[in-house]
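For the numbers below, each heavy atom of this structure counts, side chains included, while hydrogens, waters and symmetry mates do not. All values reported here derive from a predicted model rather than from experimental measurement.
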Amino acid sequence: MVLRVRDRQGNILYRHKPKRQTVVDQKVVEDLHRMLRLVVTHGTGRAAAQGWPSACAAGKTGTSDDYRDAWFAGYTPSLSCVVSPLATPL
C-alpha cells in the first residue's frame, strides 16, 4: 500500500487517508473472542496460554485427517502465531 508520495523537494503530493469501516458487528467479534479464549482456558489449547493472562490469550487447535498433524493458531494483544509439529513431511 502506498502511504504517501513525495516530489524531489520532499513535498507530499499524495497521502493515503484510511477510512475505517465496520465489517463485522462488535457483539459478534466479542462472542468469537470469548469462544477462542475458552480454548486456552478450558479446552485443548491450555498449554499454549502458559505465561499469559487468560483474558489476553485466545486461539484454536485442530488436527488433520487421521490425526497425522496437529496445529494451534493463537493470539494475544501483541502477538499472533500458528504452530504445527508437521508429523508428515511437506
With R15 via salt bridge (charged side-chain N to carboxylate O under 4.0 Å, His left out) - residues at least two apart: none
Any residue meeting salt bridge (charged side-chain N to carboxylate O under 4.0 Å, His left out) with K19, in chain and number order, not counting sequence neighbours: none
Rounded to the nearest 0.5 Å, how far does [atom2] of [Y] lie from [atom1] of [X]?
X: F72; Y: S84; atom1: CZ; atom2: OG; answer: 12.5 Å
X: D31; Y: L36; atom1: CG; atom2: CG; answer: 11.0 Å
X: K60; Y: L38; atom1: NZ; atom2: CG; answer: 12.0 Å
X: K27; Y: L32; atom1: NZ; atom2: CG; answer: 11.5 Å
X: H33; Y: E30; atom1: NE2; atom2: CD; answer: 9.5 Å

Heavy-atom check, side chain of V82 versus side chain of Y75, under 4.5 Å: no
Derivation and outcome, side chain to side chain contact (heavy atoms under 4.5 Å, CB included), residues V2 and H16: CA-CA 7 Å; V2 176; H16 175 70; over 6 Å; no
Neighbour count above 12 (heavy atom, 6.0 Å) for H42 NE2: no
Heavy-atom donor-acceptor pair, [X] side chain to [Y] backbone, under 3.5 Å:
X: S64; Y: D69; answer: yes
X: T22; Y: V24; answer: no
X: T61; Y: G45; answer: no

Chi angles and distances behind the side chain to side chain contact (heavy atoms under 4.5 Å, CB included) call for Y14, R6: CA-CA 7 Å; Y14 168 80; R6 296 177 184 261; over 6 Å; no
Least distance between heavy atoms, A70 atom then P85 atom: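 Heavy-atom minimum between the residues: O-CD, 3.2 Å.
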side-chain hydrogen bond (donor to acceptor under 3.5 Å, both in side chains) involving Q9 - partner list, sequence neighbours excluded: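 For Q9 there are no side-chain hydrogen bond (donor to acceptor under 3.5 Å, both in side chains) partners, ignoring immediate neighbours.
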